Amino acid sequence: MAEPLAGRRRPPDGELAAAIGEHFGSFEAFQKQLTTATSTVQGSGWGVLAWEPLGRRLVVEQVYDHHGNVGAGTTPLLVFDAWEHAYYLQYRNVRPDYVQKLWSLVNWTDVTARFDAARSA
């Protein structure tokens with residue numbers, strides 16, 4: 001059994017890292033884009049790193065309101081929950097602090113597996 005923190009706390013490597021570099025310019029640029037999407041979603045929703053199969057590229061999406069969304073034809077790879085129930089007790093109304101904490105919890109091994117599966121579908 002793998003260590004619980006094995007895929008966390010460091011940026012991804014391999015093909016996922018290369019795709020992030022290709023599609024966003026750098027890991028830092030991707031991180032800023034997903035942080036902004038999650039922190040600024042109107043009301044409640046999610047920031048999402050997704051695979052867009054038609055263009056065969058990674059994209060960051062801002063998804064809001066679980067009632068009004070229409071599928072965008074992408075496959076979610078990493079989702080940051082920005083609904084108040086996810087952070088309010090610990091972070092009150094300071095969503096950006098909560099989003100920064102999420103980066104230390106990402107399991108890049110799992111995200112990489114989702115990336116590999118989405119590309120081969």
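Remember, it's a predicted structure, so these values are computed and weren't measured experimentally. When a residue number appears, it is its place in the shown sequence, counting from 1.
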Checklist entry - Between CD1 of I20 and CD of E28, what distance do you get to the nearest 0.5 Å? => result 10.5 Å
Next on the checklist: Suppose we screen for ring pair (Phe, Tyr, Trp, His ring centres under 6.0 Å). Which residues come up paired with F24, at least two apart in sequence or across chains?
Outcome noted: F30
Item to check | Shortest non-hydrogen separation from P12 to A17 and the atoms involved | outcome: O-CB, 3.3 Å
Checklist entry - Heavy-atom distance under 4.5 Å between the side chains of T112 and D116, does that happen here? => result yes
Checklist entry - So, does R95 use its side chain to make a donor-acceptor pair with the main chain of V41 at under 3.5 Å? => result yes
Checklist entry - Okay, side chain of Q62, backbone of A37: is any donor-acceptor separation there less than 3.5 Å? => result yes
Next on the checklist: Testing the basics here: between S39 and P96, what is the closest heavy-atom pair and its distance to 0.1 Å?
Outcome noted: OG-CA, 3.8 Å
Item to check | Aromatic ring pairing W46/W83, orientation class (parallel under 30°, perpendicular over 60°, tilted between) | outcome: tilted
Checklist entry - Residues two or more places apart in sequence or in another chain: which of them pass side chain to side chain contact (heavy atoms under 4.5 Å, CB included) with E52? => result L54, R57, V59, T74
Item to check | N/O donor-acceptor pair under 3.5 Å between S120 side chain and A117 backbone | outcome: yes
Item to check | Distance flag, aromatic centroids of W108 and F27, threshold under 6.0 Å | outcome: yes
Checklist outcome for this item: Taken to the nearest 0.5 Å, the spacing of T35 OG1 from K32 NZ works out to 10.0 Å
Checklist entry - Roughly how far, to the nearest 0.5 Å, is CG of L16 from CZ of R119? => result 8.5 Å
Item to check | Electrostatic pair D97-K101, nearest N-O below 4.0 angstrom | outcome: no
Checklist entry - Hey, does the side chain of Y98 reach the backbone of Q90 with a donor-acceptor pair shorter than 3.5 angstrom? => result no
Checklist outcome for this item: Note: V99 and T38 closest approach over all heavy atoms is CG2-CG2, 3.6 Å
Checklist entry - Is there a side chain to side chain contact (heavy atoms under 4.5 Å, CB included) between F80 and L49 once you walk through the steps? => result CA-CA 9 Å; F80 282 178; L49 170 65; over 6 Å; no
Next on the checklist: When you compare the side chain of F115 with that of L58, does any pair of heavy atoms fall below 4.5 Å?
Outcome noted: yes
Next on the checklist: Between L78 and L34, is there a side-chain heavy-atom distance shorter than 4.5 Å?
Outcome noted: yes
